[in-house]
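Report on the following structure.
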Amino acid sequence: MSRDHTAPARMGNTPADYARFGIEPGAIKPHEDGLRTDGGPGSYEWWYFDAHLDDGAKLVVVFFTKEFTAIDRPLAPMIRIDLTLPDGTTVEKLAEFDAEVFSASTDTCDVRIGANVFAGDLHTYTIRAKAEDVEVDVTLTGQVPAWRPESGHWLFGDEGEQIFAWLPSVPEGRVEATYSIGGRSSTTTGVGYHDHNWGNTLMLKLMHHWYWARGSAGPYSVIASYITAEKQYGYATLPVFMLARDGKFIADDKTKVTFEELGPYTDTETGKPVANVTRYTYTDGDERYVVTYTRHSDLSTVKFVDGLKGPKKAAAKIAGFDGAYLRFVGEVRIEHYEGHNLIESHVDDALWELMYFGKARP
């Protein structure tokens with residue numbers, strides 16, 4: 001590839017793309033939430049869950065085939081549990097396992113890592129996980145159907161040979177959860193979300209950064225993301241937007257979305273530029289939906305190099321790798337306009353993230 005060549009980056013949406021991945025437009029099947037890679041070198045995959053709980057706690061559980069920054073490794077399963085207690089105390093645990101204790105179905109979501117389980121059928125899920133003294137037992141029941149943006153596969157390179165894939169299996173669902181720390185247990189309900197990611201290329205080679213958010217307010221549920229590809233793909237922008245009302249999809253055409261970053265600042269922990277406010281505007285003729293995320297505080301700030309050890313950490317520092325992940329807590333406001341008239345407005349709590357692989361751009 002010549003230095004001045006800009007490779008394409010696009011969402012797979014042609015008949016050939018759907019045939020390539022064995023899926024159908026607008027028809028999501030249980031096998032799409034099953035194992036989509038072989039778990040071996042040259043791949044990564046994870047199943048993600050998060051929830052706002054009614055007692056004020058916030059919970060994130062992720063089952064990985066391996067660390068997604070080390071895709072050349074063989075299968076090396078991990079489980080991550082992030083639990084923020086009602087008093088604001090945050091506990092983050094990462095448990096690593098031998099490959100022999102990992103199994104996953106290719107027909108449906110049924111992932112087992114030792115005694116830990118992440119299993120479901122695109123509607124009802126059971127998630128049981130333990131890392132050190134933190135243990136969770138969750139039932140997630142979908143209130144919005146599984147959805148994906150077109151094929152759910154972003155394709156990078158002249159032949160689309162490099163893949164990043166994403167399936168929001170439960171865009172919003174009801175949660176029943178029991179969590180415990182050191183044997184002290186709490187049982188509560190809440191609102192949750194589950195998605196599934198996989199690919200065959202280091203994400204940091206494909207994507208410069210992304211904002212990703214979900215949320216609900218009033219009768220509305222939303223998933224929104226704005227991905228910026230790496231330099232070799234011309235910093236192409238790849239928007240994602242889904243809005244549902246009362247569990248039915250009403251807006252998901254990415255060509256009708258504009259994105260704004262407002263109130264910029266530089267995060268002191270990671271050195272990354274961050275927007276205090278991110279806004280997605282969906283315009284369809286005279287009708288307009290405006291979804292605004294306003295940051296109140298940081299739930300997590302992680303520099304990826306801090307998670308590396310020994311020679312890998314030294315090599316990453318020498319190479320100047322400074323990727324970071326930031327998770328925010330704040331509010332989402334969903335407004336519905338007809339012409340200049342505001343028809344309705346709803347506000348609620350929300351979580352969202354900024355994944356920043358690349359160097360901060362001037």
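What you see is a predicted model; the values in this text were computed from it and never measured.
Using cut-offs of 30° and 60° on the angle between ring planes, the pair H196 and W47 is parallel. Relative orientation of the F328 and W352 rings is tilted, given thresholds of 30° and 60° on the angle between their planes. Between F68 and F357, the angle of the ring planes goes over 60°, which puts this pair in the perpendicular group of the 30/60° scheme. Between W147 and F249, the ring planes lie tilted relative to each other; the angle falls in the 30° to 60° range. Between F241 and Y280, the two ring planes are tilted [angle within 30° to 60°]. Note: Y193 and W212 have tilted aromatic rings, judged against thresholds of 30 and 60 degrees for the angle between ring planes. Ring pair F21/H153 is parallel by interplanar angle, where below 30° counts as parallel and above 60° as perpendicular.
Aromatic pair Y233/F156: ring centres closer than 6.0 Å.
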message = Using side chain to side chain contact (heavy atoms under 4.5 Å, CB included), reason through K303 and T270 one step at a time and then give a plain yes or no.
response = CA-CA 6 Å; K303 293 189 289 185; T270 64; 4.0 Å; yes

request  = Would you check, one step at a time, whether the test side chain to side chain contact (heavy atoms under 4.5 Å, CB included) holds for R20 with L155?
outcome  = CA-CA 12 Å; R20 174 183 174 186; L155 308 179; 4.0 Å; yes

query = Are T292 and R279 close enough, and set up right, to give a side-chain hydrogen bond (donor to acceptor under 3.5 Å, both in side chains), and what steps lead you there?
reply = CA-CA 4 Å; T292 304; R279 178 173 295 145; 2.9 Å; yes

ask   = Under the side chain to side chain contact (heavy atoms under 4.5 Å, CB included) criterion, do M203 and Y44 qualify, and how do the steps go?
value = CA-CA 10 Å; M203 288 188 288; Y44 64 85; 3.3 Å; yes

task = Any chance you could lay out the side chain to side chain contact (heavy atoms under 4.5 Å, CB included) test for Y293 and Y211, step after step, and finish with the verdict?
result = CA-CA 11 Å; Y293 288 88; Y211 280 97; over 6 Å; no

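Contact between S216 and D348 at its shortest, heavy atoms only, is O-CB, 3.1 Å. The nearest pair of heavy atoms linking A131 to I81 is N-CD1, 3.9 Å. The two residues A324 and K272 make their nearest non-hydrogen contact at CB-CG, 4.1 Å. The two residues I71 and L202 make their nearest non-hydrogen contact at CD1-N, 3.4 Å. When every heavy atom of A236 is checked against every heavy atom of A9, the shortest pair comes out as CB-CB, 4.4 Å. Closest approach of V61 to A129, counting heavy atoms only: CG1-CB, 4.1 Å.
Partners of K29 under the salt bridge (Lys or Arg N to Asp or Glu O under 4.0 Å) rule, at least two apart in sequence or in another chain, are E24.
Y18 is listed as a side-chain neighbour of E150, based on a closest heavy-atom distance under 4.5 Å. Using a 4.5 Å heavy-atom cutoff, the side chains of Y179 and V134 are not in contact. A heavy-atom distance below 4.5 Å is found between the side chains of P171 and M242. Side-chain atoms of E353 and S300, non-hydrogen and from C-beta on, never get closer than 4.5 Å to each other. Using a 4.5 Å heavy-atom threshold, the side chains of P8 and D158 count as touching. Counting only heavy atoms from C-beta outward, the side chains of V175 and F49 approach each other to under 4.5 Å. With a 4.5 Å cut-off on side-chain heavy atoms, S345 and R333 count as touching. For the pair E331 and H296, the minimum side-chain heavy-atom distance is below 4.5 Å.
We find the CG-OG1 distance between L354 and T301 to be 11.5 Å, quoted to the nearest 0.5 Å. Within the model, atoms OG of S225 and CG of L238 stand 9.0 Å from one another, a figure rounded to the nearest 0.5 Å. In this structure, D82 CG and E92 CD are separated by 4.5 Å, a value rounded to the nearest 0.5 Å. Interatomic distance, L94 CG to M78 CE, rounded to the nearest 0.5 Å: 5.0 Å. In this structure, CZ on F64 lies 13.5 Å from CG on L75, to the nearest 0.5 angstrom. Here the CG-NE2 distance, from L342 to H336, works out to 9.5 Å after rounding to the nearest 0.5 Å.
Between R288 and E335 there is no salt bridge, since no side-chain N of the basic residue sits under 4.0 Å from a carboxylate O of the acidic one. Remark: R327 does not engage D50 in a salt bridge, criterion side-chain N to carboxylate O under 4.0 Å.
Inspection of the D267 and Y356 side chains reveals no N or O donor paired with an N or O acceptor under 3.5 Å. Looking only at atom types and distance, the side chain of E172 has a donor-acceptor partner in the side chain of S221 under 3.5 Å away. A donor-acceptor pair shorter than 3.5 Å can be found between the side chains of T187 and T178. Between T89 and D87, the side chains place a donor N or O and an acceptor N or O closer than 3.5 Å (distance only, hydrogens not considered). Neither side chain, Y289 nor R245, offers a donor N or O lying under 3.5 Å from an acceptor on the other. Side-chain atoms of R174 and T189 include a donor-acceptor pair closer than 3.5 Å.
Put simply, the side chain of S151 gets close to the backbone of G12: a donor and an acceptor are under 3.5 Å apart. Between the E45 side chain and the T37 main chain, a donor and an acceptor come within less than 3.5 Å of each other. Listed for the T14 side chain is a donor-acceptor partner under 3.5 Å among the backbone atoms of D17. At distances below 3.5 Å, at least one donor-acceptor pair connects side-chain atoms of E161 with backbone N or O atoms of E159. In this structure, the side chain of N200 engages the main chain of I163 through a donor-acceptor pair within 3.5 Å. Proximity of a side-chain donor or acceptor of R148 to a complementary backbone N or O of A27 within less than 3.5 Å is detected.
Applying the side chain to side chain donor-acceptor pair (under 3.5 Å) test to every pair with at least one member in residues 113-130, sequence neighbours left out, gives these pairs: D33-Y125. Pairs of residues two or more places apart, or lying in two chains, never qualify as side chain to side chain donor-acceptor pair (under 3.5 Å) while including a residue from residues 56-66.
By the 6.0 Å contact criterion, CD on E176 is open, its count of non-hydrogen atoms from other residues, nucleotides or ligands being 12 or less.
In summary, of the residues considered (I250, T258, D253), a side-chain contact (heavy atoms from CB on, under 4.5 Å) with Y282 occurs for D253 alone. Each of W166, W154, F164 was checked for a ring pair (Phe, Tyr, Trp, His ring centres under 6.0 Å) with W210, and the lone residue meeting it is F164. Checked against H194 for a ring pair (Phe, Tyr, Trp, His ring centres under 6.0 Å), the options F118, Y48, F63 give a single hit: F118.
Linking ILVMFWY side-chain heavy atoms closer than 4.5 Å, directly or via other members, places M355 and L204 in a single hydrophobic cluster. Following chains of ILVMFWY side-chain contacts shorter than 4.5 Å, one cannot reach I181 starting from L299, and the two form parts of different hydrophobic clusters. In the hydrophobic cluster analysis, where Ile, Leu, Val, Met, Phe, Trp and Tyr join through side-chain heavy atoms closer than 4.5 angstrom, V62 is grouped apart from L83.
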